[in-house]
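What you see below is based on every heavy atom in this structure, not just the backbone, and it leaves out hydrogens, waters and symmetry mates. A, B, ... follow the sequence lines: proteins, then strands. Residue 1 opens every chain.
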Amino acid sequence: MRKFFEKSTPRASGLRTRSLTVPGPVLLVALLVLLASACSAKDDIPADERRAQELNRVIMCPVCPGESIDQSQNALAVQMRGIVAEKLEQGRSESEIKSFFVERYGDSVLLEPPRRGFNLIVWIVPPLGVVGAGVALLLAFRLLRRPVRAGDRRPPDGVQLSEEERDEYFRRIEATLDLEPTTGSLADGTPEEREKRGDG
Amino acid sequence: MVDAGNMALVIAFLVAGYVPVASFLGAWKRIPELTVSGRYGLYTVPALLAFATLAVVNAFIRNDFSVRYVAENSNLAMPKAYTWVALYAGNSGSLLFLALVLSVMMALAVLTIRRRLPYTAPYATGLMALVLTFFIGVMLFLANPLERLPITPADGQGINPLLVHFGMFIHPPVQMTGLASVAIPFSIAMGALLAGRGGRDEWVDMGRLWGMISWLIMTAGLLLGAWWAYTILGWGGYWAWDPVENSALMPWLAMTAFVHSIMVQKRRGMFRMWNMVLIIVAFTLAQMGMFINRGGPVPSVHSFAQSTMGWLFLFFMATTLVGSMAAFVWRMDTLKSRARLDAVLSREGIFLVQNVLFLAVAFVTLWGTVFPIFSEAAQGTTVTVGRPFFDRVNGPILLVLVLLMGVGPLLPWRRASPRVLVRVLRLPVSAGVITAVVLVTLGLRQPVAVMAFAICGLVVAGILHEWARGTRSRHRKGEAYPVALARLLAANRPRYGGYMVHLGIMMLAVGAIGSSFFSAQRDLAMRPGDEETFGGYTFRYLGVTSSEFADREEQVAEFEVYSGDNYLGIMRPFRTVYPSFNIAATRGAIRSTPIEDFYIVPSEFGDDGQAVFRVLVNPMVWWMWASGPMLVLGVLFALSPQRQPAPATLRVPAFVETSRV
């Protein structure tokens, strides 16, 4: 398990690197505990009020532009909220209450168009759109991909490496970057430093 | 001064109209004097508009009610400090303000491109001026803020009281500026296209700069609007998928896609055609936003009065769309990609998927916004497409986008082999899984919310891990940790600025997820002395005090609030009635901590002493507002100039005369 979190490449000089193994997950769990405690207020709402609120959020206030009766403080909205609460107490179902308002104010009183007839189109088009986007993406990938022809093994710019060679190559680069250079011109320092030391 | 201001507007219109003619002609016919003249013309417009604005401000200060705009938006009782708000509260004033800000930004933009893009600059200048001419023209002929009334009234109508709040001081101007500013990256891109230089990628640096500036302003506008709605409007929410909100969101989505895919063009010379189409789409959506805002066909809490002006904006939008697409098709052959896509699983591939998904969200938003119009036309009855539709359809797509935001920066360019993929995603995915497991253990049962938080954990872990790795790597060379981190960030500002922006978006996401899924509210009837408990808070209603002022009646309620046994303080929600405007404004009292907001709003005050209050506990909302400064910081950091190697000198042919300015 520890190996999973640490870097898999041992350093040439034998130094082991510690990743965020210890402080990371502990911090994460602590934050999550705080988060979870913040998200528990909903349990304080009595169940019937919760139902009423959910209904209020999907019924529009007919005289306010674009607000639900839950949002609006308009007198009519307050009245309608009262009606919703009353009918829930009487045992009416959600759809009955919605139909009650639709009879009086029309389909536009619901925040979601009723799923029948023409209005089904609202719901059909987005998935179609996503499918269309997916198709467009596939086409784009096709068009943009480097074309592979039968005899065309070597790409024009560079040598073809296998996966293992490529990974070994990168490992060596990383190892080089992490260490002080011991050979080569970089190790000698800048011209000024060399002069100071007295080297040529 | 009013007449002088009017004159300045007319001259501004003429000059702005001259600029495209001079610039295009000069570039086409290779007459350097004309392009220079056009450029100088553009520089003059801000000065003229500033003078006209001064005339309007002057009229407000002197209470000159002979000017219609002053009479409609102020009165003798209005404090002078509100002049700033009154300036853009009405249709005509907001147009003048917008034209002024836009002209200043455009002048700055031209200053930045005139030497770097000598071939593109004349076309870009001309295009910017065309947009400016439209705004000034609409204002001058349809909604002149300096228009006089036939009879001078004794007093004005006064300003809409809902507008008099700090949020209102900033949100509308920033939002309007953001939408209009899309014209600048659009003009640069189109200018390059028209000049035949679309395939040379030289415009990409400036396109990215102004694209990100535009994005930042739009983001600020949206965040400020959400914050204002939350703090002032009193329903405890911040986003309602209202048509005007949607119309501001859509160009933002397109611009977010653009600032990402433009990096692919910079890095690999790909997506050239796509970026052109994308910036055209972004600008079209921005224009549509302005159309819907100024009297479009869909009713909203936001719009200025319904007016015919909206249809002019629609016409302008259609014209620019058709013109841009024609130019695109004409110059399409200059836009062939330099490189090909090596693998779908690569940074470029992720960017392409991300782009498509952003446009999918924009499409769904557009669809939901305009469907009522279709329904009315087809069935005769109107329907409402509201929050449930948008949440249900856009929610999942946005969640996938957040996931891509975490994974994308970790992938290499060109190709990510499965081995690299595992190595790079190991830690973030582990963090995500841990998050999900811990949250479920702690009692969170909504699967979508848990998954959303898990994705947030994944993304944040990925970003912080990158920072930690880089810092550690520098530390091993001898720098102390804080120094290493600072130098790491400074050495690669676009990258780490981008990470900062992503962190800001994560703050926004966490706040949005927490409050969307776990907000709780109750409506409670209370008499003075009553005590209630909700969400861990105990609050006692002390009573209400009514005060009468010249223009309004205020009722302020007082609450003593405790959290468990800790005394938290007094909270004072209030309700104000403005009889002359027939408006009642409620202001909630909010106690905000990074964990949650406790929010009390008065619903109604009965005559018998009983009052109804709505009490809300909104988790994590604080993070949404805190993300603002983080986003600003990130963008500014990403755009801050780094020491570049000296650019190769560009041999400029004689016809592209570089003037001193």
query: Less than 4.5 Å apart, any side-chain heavy atom of B/Met620 and any of A/Leu35?
result: yes
field: Reported CG-to-SG distance for the pair B/Leu439 and A/Cys39, which is rounded to 0.5 angstrom
entry: 8.0 Å
- prompt: With a 4.5 angstrom heavy-atom cut-off, which part of B/Phe534 approaches chain A: side chain, backbone, both or neither?
  reply: both
- line: Taken to the nearest 0.5 Å, the spacing of A/Trp123 CH2 from B/Trp367 CH2 works out to 12.5 Å
task: Check B/Val383 against A/Pro113 and note the closest heavy-atom contact, atom names and distance.
output: CB-CB, 4.1 Å
- prompt: Given that the side chain runs from C-beta out, which part of B/Leu444 has a heavy atom under 4.5 Å from chain A: side chain, backbone, both or neither?
  reply: side chain
task: Would you sort out whether A/Asp70 and B/Arg614 count as a side-chain contact (heavy atoms from CB on, under 4.5 Å), showing the intermediate values?
output: CA-CA 10 Å; A/Asp70 179 70; B/Arg614 173 168 292 182; 3.5 Å; yes
field: Heavy-atom proximity to chain A below 4.5 Å, by part of B/Val385
entry: both
message: Restricting to non-hydrogen atoms, name the atom on A/Leu32 and the atom on B/Ile434 that form the minimum distance, rounded to 0.1 Å.
response: CD1-O, 4.4 Å
- request: Working to the nearest 0.5 Å, report the span between CD1 of A/Ile45 and CD of B/Gln521.
  value: 7.0 Å
query: So, do A/Phe141 and B/Leu352 sit near enough that their side-chain heavy atoms are less than 4.5 Å apart?
result: yes
- request: Could you grab the distance from atom CG of A/Leu137 to atom CG of B/Leu357, nearest 0.5 Å is fine?
  value: 7.0 Å
message: Is A/Leu31 in contact with chain B via its backbone, its side chain, both, or neither, using a 4.5 Å heavy-atom distance?
response: neither
- line: Minimal heavy-atom distance between B/Thr382 and A/Ser108, with the atoms involved, is O-CB, 3.3 Å
task: Identify which part of A/Glu49 has an atom lying under 4.5 Å from any heavy atom of chain B, answering side chain, backbone, both or neither.
output: side chain
- request: Please indicate whether B/Trp622 has more than 12 foreign heavy atoms, meaning atoms of other residues, nucleotides or ligands, lying under 6.0 Å from its CH2.
  value: yes
- prompt: Between B/Pro594, B/Gly514, B/Pro619, which has the largest tally of heavy atom pairs under 4.5 Å with chain A?
  reply: B/Pro619
- prompt: Side chain, backbone, both or neither: which part of A/Val122 has a non-hydrogen atom closer than 4.5 Å to chain B?
  reply: both
- line: Which of B/Phe390, B/Phe389, B/Phe363 passes side chain to side chain contact (heavy atoms under 4.5 Å, CB included) with A/Pro126? Answer is B/Phe389
- prompt: With only heavy atoms counted, which part of B/Val612 is less than 4.5 Å from chain A, the side chain, the backbone, both or neither?
  reply: neither
- line: Scanning both residues in full, the closest heavy-atom pair of B/Glu596 with A/Ala38 reads OE1-O, 3.7 Å
message: Go through it in stages, so that I can follow the logic: the residues are B/Asp523 and A/Gln53, the test is side-chain hydrogen bond (donor to acceptor under 3.5 Å, both in side chains), and I'd like the CA-CA distance, side-chain angles, deciding distance and then a yes or no.
response: CA-CA 10 Å; B/Asp523 288 317; A/Gln53 284 175 13; 5.9 Å; no
- prompt: Which one, A/Val29, A/Asn119, A/Val58, leads in non-hydrogen pairs under 4.5 Å with chain B?
  reply: A/Asn119
message: Tell me which of these, B/Val617, B/Val356, B/Val438, B/Leu359, has more heavy-atom pairs under 4.5 Å with chain A than the rest.
response: B/Val356
task: Name the region of B/Tyr537, side chain, backbone, both or neither, that has any atom closer than 4.5 Å to a heavy atom of chain A.
output: neither
statement: d(A/Asp107 CG, B/Ser375 OG) to nearest 0.5 Å is 8.0 Å
message: What residues of residues 76-87 of chain A make heavy-atom contacts with chain B at a cutoff under 4.5 angstrom?
response: A/Val78, A/Arg81
- request: Verify the neighbour count for atom CD of A/Gln90: are there more than 12 heavy atoms of other residues, nucleotides or ligands below 6.0 Å?
  value: yes
query: Given a strict heavy-atom distance threshold of 4.5 Å, which part of B/Arg392 is in contact with chain A: side chain, backbone, both, or neither?
result: side chain
- prompt: Rounded to the nearest 0.5 Å, how far does OG of A/Ser68 lie from CZ of B/Arg387?
  reply: 8.0 Å
